[in-house]
A.B. asks: 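Let me give you the structure first, and then I'll get to my questions.
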Protein chains: 2
Amino acid sequence: MSRVSDDFLYYQVAERLEHMVEKGVWKTGDKLPSVRHLSREQGVSLSTAFKAYSALESKGLIEARPKSGYYVRCKLRRQQAPPRAPRYTAPPEGLSLDDMIATIYTNLTEEGVVQLSLAAPGHELLPAAKLNKCLLEVLRLSPTSCLQYENVQGNAILRRQLARLSFNWGGSASAEDVVVTQGCMEALSFCLQAVTRPGDVVAIERPTYFGLFGLLKNLGLRALEVPTDPLSGPDLDFLRQAMKKQRIAAALFIPNFNNPLGSLMPDDRKRELVALLAEQEIPLVEDDIYGEMYFGKTRPRTCKSFDRNGLVLYCSSMSKALAPGYRVGWCMPGRFRKQVLQRKLAHCITSPTPTQSAIARFCETGRLDIHLRNLRKALHTQCLRYQQAIDDFFPAETRVSQPQGGYVLWLELPEKVDSFELYRRARQHQISLAPGQIFSTRGCFRHHLRLGFGNPYGPEIERSLQTVGKLVRELAGA
Amino acid sequence: MSRVSDDFLYYQVAERLEHMVEKGVWKTGDKLPSVRHLSREQGVSLSTAFKAYSALESKGLIEARPKSGYYVRCKLRRQQAPPRAPRYTAPPEGLSLDDMIATIYTNLTEEGVVQLSLAAPGHELLPAAKLNKCLLEVLRLSPTSCLQYENVQGNAILRRQLARLSFNWGGSASAEDVVVTQGCMEALSFCLQAVTRPGDVVAIERPTYFGLFGLLKNLGLRALEVPTDPLSGPDLDFLRQAMKKQRIAAALFIPNFNNPLGSLMPDDRKRELVALLAEQEIPLVEDDIYGEMYFGKTRPRTCKSFDRNGLVLYCSSMSKALAPGYRVGWCMPGRFRKQVLQRKLAHCITSPTPTQSAIARFCETGRLDIHLRNLRKALHTQCLRYQQAIDDFFPAETRVSQPQGGYVLWLELPEKVDSFELYRRARQHQISLAPGQIFSTRGCFRHHLRLGFGNPYGPEIERSLQTVGKLVRELAGA
């Protein structure tokens, strides 16, 4: 925050809020985040947060209610001007890890297997009873019991709630910007389809989430793997050189808690990436599925928040935050919204009604915020416990990431260890792992391992980590 | 049935049943359909149905329980042999109509509009309370409240129930043959992707469901429109000639209650089509979404039931039968199962858990059969009421189809009427229609109209049809 004067900051926060109220993201009578919450989430001082609210109050847009907080006071006339790009800058965070699905997909529903390969929450971390309650409520409230087709773009209440989430990552989206999809994968798929043609080259990170290789292949796209650093994210110089040599149709990056490396791209690098791609009008598909699972004080920003040209197609999902099995994802495709909607219409017409409605209600009633706070705490604790166990059970030369968010640890094992062999041996002990090799098309990361810490730490996990540590020692010949 | 000796028939029915018991579609202790039910659904005499069961009983596979019915007696050892192609022949049905979604998609969720354009059930026809109950039950029964990822291929109980449905259309599918999708459209999309490459030519009917044009376009496929006759279905001579002139990568037909024409392709033509395509190993994507909505005595057969080479990719959905908003569809992709699964994995990993589970339970508890019987009766009645209204309110020269199933009527209006203009004027009266032009890429069917009768007939519908009739007279200059 030191780089920007405090006066300027409060003005920017106020301006974004005003913009989102105009767009109907917050409506008349809605309660706004507390000053403390605003300060924490936006990474500004309490006095700045207070000044922002005061400014809006003096404009008559919001009102303070004693012992309750700030509320939206009146509905602004909607302006037809295009959304203004936010200029507010959050502090750069350190580095962190992240990750995604796990082991081999067919193990997804296998029983009796300890899933150390999943980049997803164990079911103990999910608010099943509260979400069930929301589902029952919407079944009762819906005139057709959620049996009829939903709006093609997605449930309107849900889209408004998803637009709200953008406030915390430095955005100012409106419900109209959001398209609901079947998980984040379908969002990535539609976005890629909207900006590429078969035969095109798409820049991805190395290492990256293995599901992307199948996605690119099925769309007839070729991958350009950009080396990614655990500290600074994708190598922008490499990308710059590559852009000079060949036409790159799009980039697909995971800037926050990258999978599997876990790098958290610093804000200035995000800004630089967006600017670099904009030079050649190259769309960036931004996979932010782990962005909400931060251990630090504030929500990391997104590339989308630096986008002034509508070139960033933001994608995310509720699969990591709330309900993997509900398959509710979304995207904000910027200037490509129409093309994305066309793809969705042609592929599946609409998304399911009851799951969208239930999650909309869960958000609307404020339950998501509470749940996410608990989830972040639990994940942070689990991460530390798993790291301790690796320290206890694995060979001393094992290197392990220090994630500041997400669901996974990235391990560099002793060089002699072949992770595929480790995977095979672990399977015999009913343990599922994600070997490093699957995170690159080139078979790199032979002695690396992605380890998910989504399941709460307990005796079974401890035994499993002990077993894996023993297998690593065997393979290392130690 | 006259063409096949009765002895041969009972043997074929018994053989198919045995095969499905082997595959686990019916399991030990399951109640089999009653003799009367079997007779009606399979279009065989009561004595043939009885003989089929007696044969299985004497083999010790099933047992008769007094005053209760036939039950599967013991679990057969599963055989590894490939499924045998069924040879049983159902009687050819007459002709009929069928259809699909409606008006412009954006009207899907519009309120205050009378939907005469939808090819879908009005919500009064749907068993909302019973399906809600099933959803609550599965939430309670699931150890993770349906929050976790489902099996990639689809919920196992659901797949077994869907395999059972195949028995009535002359098939003998097993749960392993089924892949669950996001509605029928996603099934069509994955199946087309599995058997074509961009640039390929796909044979479709003319007229056909307008959603297919967008689907083909997005997959980079070119359409070859095969003229379709209301009585005999697609013109097989035309197709035969076209196959000589150019490479056709696949065909996508709607043989049962074709949309929008409503033709029910006779069984011998289905057999002929399957054989013709097999000559050049051309896969047939069969859209059977309306197959269960028959008004006659027996379920029409499918092309899939004549397929001996695994070349027919059968697609259907629960959207027309039970719950449009649940988006639960499926396919049985024959020899292309692996490719379809790859596409699904790459696009969205898995389908939503709670909606699949709820429908699985709805089927498992026998509610689907009861519901479908009621739905067919209601649709038949509605169809007759709508036809009567057209007779009353439309100009005398209006020609209207006599559907034997499905959700729509196909109208040929007086030649002077431009259906697009009719659509526009009807919109001003808050009535949504599906003009004939949207059912062909070539702008044919200028004075045709697809009219959905999914909404129960009542005063509002009557007024709307009266209004449309008046608009037609105006445009006809009568």
Side-chain angles (χ1 to χ4, degrees), chain A residues 101 105-106 108-109 118 120-121 123 126 128-129 131-132 135-136 139-140 143-152 156 181-183 185-186 189 193 197-198 211 213-220 319 322-329 342-343 345-355 358, chain B residues 101 105-106 108-109 118 120-121 123 126 128-129 131-132 135-136 139-140 143-152 156 181-183 185-186 189 193 197-198 211 213-220 319 322-329 342-343 345-355 358:
Chain A
I101 325 195
Y105 286 112
T106 45
L108 268 180
T109 49
L118 281 178
H123 73 265
L126 300 176
L131 189 55
N132 286 351
L135 186 49
L136 301 197
L139 288 180
R140 210 177 50 230
T144 62
S145 292
C146 299
L147 286 182
Q148 289 296 10
Y149 293 114
E150 184 51 272
N151 175 287
V152 171
T181 59
Q182 190 180 205
M185 279 301 277
E186 191 174 67
S189 180
Q193 288 175 52
R197 287 154 169 252
F213 308 137
L215 179 59
L216 295 186
K217 192 180 154 207
N218 278 349
L219 299 177
S319 300
L322 181 59
Y326 274 45
R327 314 303 299 123
V328 172
Q342 270 171 353
R343 298 284 162 165
L345 202 54
H347 179 80
C348 61
I349 310 174
T350 72
S351 309
T353 307
T355 42
Chain B
I101 325 194
Y105 287 113
T106 46
L108 268 179
T109 49
L118 283 178
H123 73 265
L126 300 176
L131 189 55
N132 285 352
L135 185 49
L136 302 198
L139 288 180
R140 210 177 51 230
T144 63
S145 293
C146 297
L147 287 182
Q148 289 296 10
Y149 292 113
E150 184 51 271
N151 175 287
V152 172
T181 58
Q182 190 180 206
M185 279 300 279
E186 191 175 68
S189 181
Q193 289 175 51
R197 286 155 169 251
F213 307 135
L215 179 59
L216 295 186
K217 192 181 154 206
N218 278 349
L219 299 177
S319 300
L322 179 59
Y326 275 44
R327 315 303 300 123
V328 172
Q342 270 171 352
R343 299 284 163 164
L345 203 54
H347 180 81
C348 61
I349 309 172
T350 72
S351 310
T353 307
T355 41

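Numbers restart at 1 for each chain; the letters A, B, ... are given by sequence-line order, proteins then strands.
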A.B. asks: Applying side-chain contact (heavy atoms from CB on, under 4.5 Å) to Gln182(B) and Ile349(A), what does each step give before you reach the verdict?
C.D. replies: CA-CA 9 Å; Gln182(B) 190 180 206; Ile349(A) 310 174; over 6 Å; no
A.B. asks: Heavy-atom pairs under 4.5 Å with chain A: which of Arg327(B), Gln148(B), Gln342(B) has the most?
C.D. replies: Arg327(B)
A.B. asks: Output the option from Leu322(A), Thr355(A), Thr144(A) having the highest count of non-hydrogen pairs under 4.5 Å with chain B.
C.D. replies: Thr144(A)
A.B. asks: Among Gly214(A), Ala358(A), Ser351(A), which residue has the highest count of heavy-atom pairs closer than 4.5 Å to chain B?
C.D. replies: Ser351(A)
A.B. asks: Which bit of Cys348(B) comes within less than 4.5 Å of chain A, counting heavy atoms only: side chain, backbone, both or neither?
C.D. replies: both
A.B. asks: For Ala128(B) versus Ser145(A), what's the shortest heavy-atom pair and its separation?
C.D. replies: CB-OG, 3.6 Å
A.B. asks: Find the distance between NE2 (His347(B)) and CG (Leu215(A)) and round it off to the nearest 0.5 Å.
C.D. replies: 9.0 Å
A.B. asks: Using a cut-off of under 4.5 Å on heavy-atom pairs, state which of Val328(A), Leu135(A), Leu131(A), Asn132(A) scores highest against chain B.
C.D. replies: Asn132(A)
A.B. asks: Pick from Cys146(A), Pro352(A), Ala129(A): which one has the most heavy-atom pairs with chain B under 4.5 Å?
C.D. replies: Pro352(A)
A.B. asks: Report yes if some heavy atom in the side chain of Glu186(B) is under 4.5 Å from a heavy atom in the side chain of Glu186(A); otherwise report no.
C.D. replies: yes
A.B. asks: Contact part of Leu216(B) toward chain A, heavy-atom cut-off under 4.5 Å: side chain, backbone, both or neither?
C.D. replies: neither
A.B. asks: Answer with side chain, backbone, both or neither: which region of Leu219(B) has an atom nearer than 4.5 Å to a non-hydrogen atom of chain A?
C.D. replies: neither
A.B. asks: Hey, are the side chains of Tyr326(A) and Thr353(B) touching, using non-hydrogen atoms and a 4.5 Å cut-off?
C.D. replies: no
A.B. asks: Which atom pair, heavy atoms only, marks the closest approach of Ser319(A) to Pro121(A)?
C.D. replies: O-CD, 3.9 Å
